[in-house]
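The structure under discussion appears below in the form of structure tokens.
Each chain gets a letter, A, B and so on, in the order the sequences are listed, and its residues count up from 1. Keep in mind it's a predicted model, so treat the numbers as computed, not measured.
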Amino acid sequence: MNFFLQVFGNPELYASTLAMATPLALAALGGTFSERTGVVNIAMEGIMLVGAFFGVMIAVLTHSSLLGLLAGMVAGIITSLALAWPAIRLQSDQVIIGMAINVFAGGLTAFLLNTVYGYNGTPTNTPFLPTITIPGLVKIPFLGQVIGQQNLLVYVMLILVVVGHYVLFHTNIGLQMRAVGEHPEAAATVGVSVVNIRYLGVSIGGMLSGMAGVYLSLGLLNGFDVNMTNGRGYIALAAMIFGKWTPFGSLLSSLLFGFAIALSISLQGYQVSANLVGMLPYVLTIVALTGIIGRSRAPLADGIPYEPSK
Amino acid sequence: MKRLWKALSLPLYAVITGLILGAIIMAIAKYNPWSAYGSLLMGAFGNPIAIGNTVSGAIPLMLTALGIAVAFRTGLFNIGAEGQYWVGAMAAVFIGYNFASMPWYFHIPLALIAAMVAGGLWGGVIPGLAKAWVGAHEVITTMMMSYIAILLAHYMVEKGPMMQQGFVPQSPPITSSATLPTILTNSNLSAGLYIALAAVVVVHILLFYTSFGYKLRAVGYNAFAARYSGLPVALYTVLSLGISGVLAGLAGGVQFLGVDYQLTDTFQSGYGYTAIVVALLARNNPLGIVLASIFFSALSSGSQMMQITSGVSANMTDVITGIIIFFVAADRLYAYILRTFRKKQVIAVARKEVQG
Amino acid sequence: PVMAKTQAHKAASHKMVSHANFKVGLVTDTGGLNDHSFNHLAYVGLLAAKKKYGISVSVVQSQQTSDYVPNLSTYAQSGYNMVIAVGYLMDSAVQKVAKEYPKTKFFIIDDAITGHPNVMSAIYETQQAGYLVGVMAGLMNLQKHVKQINGKNVVGMVGGVDIPPVESYMAGFQAGVKKVDPKATVLIDWANSFTDPGLGKEDALSLISRGADIVFPVAGATGTGVIEAAKQKNVFAVGVDANQNYLAPKNVMTSAMKGVDVSTEIAIGDALTNHFKGGVQYFDLKNKGVGYAAPIAAVPKAIDAKVKSFIPLIISGKIKPPSLLSAH
Amino acid sequence: MALLEIAGLRKVFGQVVANDHVDLTVMPGETHAILGENGAGKSTLIKMISGLYKPDAGTILFDGALRNFNNPREAIVAGIGVVHQHFMLIPALTVAENVVLGIHGGWGRYDRKTAEEQVSKLSKEVGLPLDPTRKVEDLPVGMQQRVEIVKALYRQAKLLVLDEPTAVLTPQETEDLFEVVHHLNQDGIPVIFISHKLDEVRAVAHKVTVMRAGKTVFESPVGSASAQQLAYWMVGRDIVLQTQRDVVQSGATVLSVNDLTVFDDRHTKKVDNVSFAVKEGEIFGLAGVDGNGQTELVEAITGLRKLAHGSVYLQDKDISRASVAKRIEQGIAYIPQDRQRDGLVLPFSIADNLQLREVSKAPFSKGGWLQKRAARKHAEQLVEEFDIRPRNVDLPVGDLSGGNQQKVILAREMARRPMLLVAVQPTRGLDVGAIEGIHKHLLALRSEGRSILLVSLELDEILMLSDRIGVMHAGHLVAVYNNGEVSREELGLAMTGEITAKEAGA
Ligand SMILES: Nc1ncnc2c1ncn2[C@@H]1O[C@H](COP(=O)(O)OP(=O)(O)OP(=O)(O)O)[C@@H](O)[C@H]1O
Ligand SMILES: Nc1ncnc2c1ncn2[C@@H]1O[C@H](COP(=O)(O)OP(=O)(O)OP(=O)(O)O)[C@@H](O)[C@H]1O
Ligand SMILES: [Mg+2]
Ligand SMILES: [Mg+2]
């Protein structure tokens, strides 16, 4: 009992859940937009790295973390165009292009890190995105400790999930996106520009993945490290599928991943091998997936190249 | 001959484009691309030992990619081959350092079978059943199982039952009776090559010459039609992911019986991910996988030499690799450029005619 | 080694000629040069040696464990006089290649290879360094008036992966804290990763939420996240391997240091002057192979003095810091 | 003045000249039919009119201006509404969403309520009532077509093009559609009506144009062309429009369905306590409006769907719980309704598809090994016998036209000389020549003493082929008649549920 209280009664567990979930949710939300328009996006990992790196670089150059954030998002969009263009114009295999971007981005950011900053890492005085304190909220005993004081991008993420849901399900452009991802030919016959909509979806994905990267390098941390995403892009992919390609679903499954990681952190020191406790997030996911969530259906045209009229 | 050229010309274009772009980046970063590529080539194929190491590096890629291709053929994306590789490695090493008194002709097969069973169960049973029963997406389950496998491997050698007594966390080395002989002195190339090539042939035959393979492919292309044809789609899902895992597990087994001999505390081979690219580039064709895996292995082994003699960091090979993969996938780019070019030519000719 | 050091110095000052045809190759493990840890430090040592002796150097970062043997062989084969291998993971690779190239000198860090006349290996008694910073942490933890100290009497450690070079630091730290503050709670978290600073930060935040006001990461790049957490929550951190004060000047109160850079430089000097000897070299407090960085101003002079007083006790063997963690 | 005037239109795909010298004139307020065999180029023509394809040559004059549509949007804006042969609807979206899609772009709010109200109102006005909140994937095909028409009208089409609209409709629905076409004509909106069915063309159209091999070969007012004449122009040879059915003595019971109850995926009862039997050498026709349980009934018989209650016997074997594979083995053949989804593996070759249902058995496999030569020989024989074009058995089935894809399925299922053939809509979307061939094959099978359960929405087909006719309505088998003892009208009433439980025959 006491043990449970110690672990589950600690607000840090939930604050940490939120912090760990944020990059996943941002990238998963981005992936949702991309795949809803029919372009499979497994390049989140690579795009996050690019965003993380250029976020730091521009923040250092301009002494502004906000410009860094902007740069990371722009870098994310540019990188995502390397997916969008061949996927849309050349009907290339989107999975392979995604893998190519991941390999390329991992190499490029490491190469640039060493070329620009040497082996010592990025400057330690890099400006970082501020932690925000919500005045009233932070005073509420337990809740305040969980969500009263978090990094700027944590709140931005929460807002973006709501906005994302609204855009996807309550705007004309969202309707067009969903249509294009399900049946591009049909959308085209009523005059929807499949090409433009797909570019838009993939770019939103790139922007949000870039933002997720910036969160890692300028929000959660304060600098860039080789491969600092550590597979979060792939976990975000899982979160997106887990969340059934919806914004709220992506958020919830990211929170689940975040919670499981945070829990495995706080369960330590109880005489169990850290390796075994570390399996918790993954076991939990499988259990949830087989027990509760079940089948999830991708948008019908997801990953299928579309050939515009001849 | 024409078909062969058609199949090969595209990767060739892609490689050339990738190398040119890589050269430009290197030149910008003030390296000499000529010497860099020269050393890359030397490092990969410069002498028999280098060739041996390159081919040796292709073995686990080949096997893992074969597995991924089988799953792809059934419409399944096995993204967790990395973990299946490691459970295969664990099983093989465990058998390999126990049973020292066994003759090699029992010991080696036993260790490899253990590797295959372990990989097959890991990839097939949980993800396969979860997919078949409740439709749990295999991308998630195989990925999660992969993370679990790697943590399990850490546990095994750090404080767990496979730790060798002593200073460092590692397993005991396998005994000589479980060791695959080296077939090229001073290189990593072991008799595992024969196993890998045999697996390629077996998978090729399985897919294209047996009714089982026909059914696997039918399920992959159209699960509805497969069901209509009386095929138990769920069973084939489990079997396909299972076979996928068997091959990834075998990759781990062969690598450890032939090259690594004991588990040390690094569990990132990267084969599981590179193999996805290999399978995709080879269009899931077993014979194509042989070439593609040698190519990727050459890039990797050559990149080491490139660092040593030209100082270009290995990250640069990732950049070039990424570009090459990109251009292989963007196969229509060449047609696109040609078309645009031709159009311009036609327009130019037309203009001339009008003017003339 | 101390003797070796002086001789190498002498040699260097004797003839200021460049040793451009003396070639040294460095093979990193898969952690790479950006690991903020021994690969990087070995590289720093290599560069220092290059500057000092004018030797030719080359470095290769292994991408896979199967690259170790080819990389070591390549250097040996191309006539390199000395090849440096970083990390115990290359143990069997070094043994294999050293046998094939008896004329090449090998130096391996964090390992104990014997029986090869051309292999020198370096073992660092990091539990001694850990012990000293542990003593400092234990004493600081009682300084209730210091702003960063909360009086809960808890300190925390974040381990990268549960392996001996990590555990020895942590075991020393744990024993050091307990020595001066028996009632203190020492929390341990394992990140299971050397490469995930994001995770390291959350690990540390969890420790801090459980009362820790001094955190000690032994976790490579993961540890930079731990220090980031200390900075954000304004508690103390203790750096590791190198002086990591630059990461958070107000919060990294000291660092446990492991002289990979120094010993690499020394080993190269030895090889250059024919003082190279096969076998294990121990680097400890006595030969200044390990130690701790000068503390920041927030640490009272008296505490630093008290910590210093343990050095002779350890050197003389009166205190033997453990290299295995004890369960509490 | 003509609303649409097409002159010399041409479209080439690689080697294939899909349209060549196509001329077409459509006057306001008239219905203009286009007749043509499979592959004659009708759909291609429509795709050019609607901006999906760009013509290689020729002109399109519409509404007084020369048009050069770059994309469908421009055609829509000009006032051309098209209901494509393969519906262009998004299954996962609602009716209203499908109808208004593409009208408003941008980040503005999609006003669900208003959209649904407008769609509901419009659909009632034009006599095609729809529930705008339903998802399209939940609607039967007939309803989906309504959505397509409403979609075109919502965009204020000045011309409506219907590409093979009746292929998926019941007779009642067809009647309703003709009614709508009439109304549109009265409002001055002309309709282009594409079909293979001569009687429909004669019923609804004012003018008819016949296409053959990409060319317009014949044009005339409908009244002055006989069915025989039109068929001749279409196919280039004389067609026997009536198939001869010889009398076969019916014998033992082959299939018996007893008290069968079946639920669909959404757990609604779709088949309610149905019993009937099919005898040796008999074609049992099952008529009914789409969505009245035929699909589920057939799936329960073929093993694709669990039965909730009752039993199915093949001869005297209870196969109620048998797997699909088992039932295939026992001699059930099945031509599914959705040929591309269920019947074929599109990337597989013709030869591979022809062994799909029996690949593990001789002669296709021996001891698990594929017998490629045997499969090839088998395929070459069938391609010849069933006139599958082209004759290349290595061609992926996905490259064949719909009619030839259907022939592949038919050939596969017939070649096994099954004890029972379950055929659902076997001639859907086929031209008269192909239909004639398929009907001959079905009757030949019957002559050999095999049994056929024929499910079709086309009453003519049922009447032409069946020995006995059952009618399904709302999950019940409401009537069974001996053919020849029932009129079209009676059948129609039974299908709409007006006549219940009139037993005829055994
Ligand atoms: N996208 C395409 N690519 C290549 N060839 C095509 C394409 N679409 C049509 N064709 C060619 O054009 C010819 C005419 O096809 P079309 O679809 O217009 O026939 P149709 O008259 O509509 O036939 P059906 O009655 O079967 O619908 C086909 O036989 C085919 O050879
Ligand atoms: N992408 C394509 N490339 C090449 N040929 C094509 C393509 N798409 C369609 N065709 C050809 O167009 C012809 C008509 O195809 P389509 O699918 O439109 O047939 P359909 O109109 O459904 O025919 P049916 O009336 O028999 O059902 C076929 O002969 C097919 O080979
Ligand atoms: Mg057509
Ligand atoms: Mg058709």
Portion of [X] that has a non-hydrogen atom of chain B nearer than 4.5 angstrom:
X         : value
Val283(A) : both
Leu280(A) : neither
Leu276(A) : side chain
Thr285(A) : side chain
Asn102(A) : neither

Could you give me the CA-CA distance, side-chain angles and deciding distance for Ile235(A) and Met144(B), then say whether side-chain contact (heavy atoms from CB on, under 4.5 Å) is met?
CA-CA 9 Å; Ile235(A) 301 263; Met144(B) 297 300 123; 4.3 Å; yes

So for [X], is it side chain, backbone, both, or neither that comes closer than 4.5 Å to the heavy atoms of chain A?
X         : answer
Ile126(B) : side chain
Ile324(B) : neither
Val139(B) : side chain
Phe77(B)  : side chain
Ile320(B) : neither
Thr141(B) : both

Output, in order, the C-alpha distance, side-chain angles, deciding distance and verdict of side-chain contact (heavy atoms from CB on, under 4.5 Å) for Phe104(A) and Asp318(B).
CA-CA 6 Å; Phe104(A) 176 83; Asp318(B) 282 343; over 6 Å; no

Nearest-0.5 Å distance that lies between atom [atom1] in [X] and atom [atom2] in [Y]:
X         : Y         : atom1 : atom2 : value
Lys244(A) : His137(B) : NZ    : NE2   : 12.0 Å
Ile97(A)  : Ile325(B) : CD1   : CD1   : 9.5 Å
Thr274(B) : Met99(A)  : OG1   : CE    : 7.5 Å
Leu151(B) : Asn275(A) : CG    : CG    : 5.5 Å
Ile79(B)  : Ile42(A)  : CD1   : CD1   : 6.0 Å
Tyr234(A) : Ser146(B) : OH    : OG    : 11.5 Å

Please walk me through it: do Leu333(B) and Trp85(A) pass side-chain contact (heavy atoms from CB on, under 4.5 Å)?
CA-CA 10 Å; Leu333(B) 182 68; Trp85(A) 187 71; 3.3 Å; yes

Do the rings of Phe111(A) and Tyr31(B) sit parallel, tilted or perpendicular, given the 30° and 60° boundaries?
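Tilted, since the angle between the ring planes falls between 30° and 60°.
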
Which of Ala110(A), Ala87(A), Gly46(A) touches chain B most, by non-hydrogen pairs under 4.5 Å:
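Result: the option with the highest number of such pairs is Ala110(A).
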
Apply side-chain contact (heavy atoms from CB on, under 4.5 Å) to Ile286(A) and Ile148(B), showing your working.
CA-CA 11 Å; Ile286(A) 292 180; Ile148(B) 294 173; 4.3 Å; yes

Sub-4.5 Å side-chain heavy-atom contact between Asn114(A) and Asn315(B)
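Counting from C-beta outward, Asn114(A) and Asn315(B) do come under 4.5 Å.
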
Where do Leu90(A) and Ala330(B) come nearest, in terms of heavy atoms and distance?
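For Leu90(A) versus Ala330(B), the nearest heavy atoms are CD1-CB, 3.9 Å.
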
